[in-house]
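Both ligands and their constituent atoms are indexed starting at 1 by order of listing. As a basis for the values below, the full set of heavy atoms in this structure was taken, side chains included, without hydrogen atoms, waters or symmetry mates.
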Amino acid sequence: MFAHGCFWHGHKGCGYFRIPKTRTEFWTEKIAANARRDEMAIQALHALKWRIAVVWECALRQAPEQTLAELAGFIRSDRSYIEIRELK
Ligand SMILES: [Zn+2]
């Protein structure tokens, strides 16, 4: 299970993710590298047939009980992947 902070992991389209106005180039590259590393880790775990849950900070902030219920549902299921993010 990955618990991603929306800023550090560059959650696209999320209200908690915004590149800082100072040192913009540094932060853009840093966060893009984090996102690439996340993607590589997920692909590697998929290749090993691991089940993967990605839980975003925004989901936990917005609806912690629903997020945990979704995660519990995933754990009991036979699904191989879930990504839980804020509701729109
Ligand atoms: Zn988010």
side-chain contact (heavy atoms from CB on, under 4.5 Å) between F17 and H9: does it pass, once the steps are laid out? CA-CA 9 Å; F17 173 60; H9 295 266; over 6 Å; no
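For the atom pair CE (M40) and CD (Q43), the distance works out to 8.5 Å, reported to the nearest 0.5 Å.
Aromatic pair F7/W27: centroids less than 6.0 angstrom apart.
With F74 as the aromatic partner, R51 meets the cation-pi criteria of under 6.0 angstrom to the ring centre and within 45 degrees of the ring axis.
In this structure, the side chain of E57 engages the main chain of C6 through a donor-acceptor pair within 3.5 Å.
L60 and Y16 fall into different hydrophobic clusters, defined by Ile, Leu, Val, Met, Phe, Trp and Tyr side-chain heavy atoms under 4.5 Å apart, directly or through other members.
For the Zn ion (ligand 1), the count of nearby protein N, O or S atoms, meaning those under 2.8 Å away, is 4.
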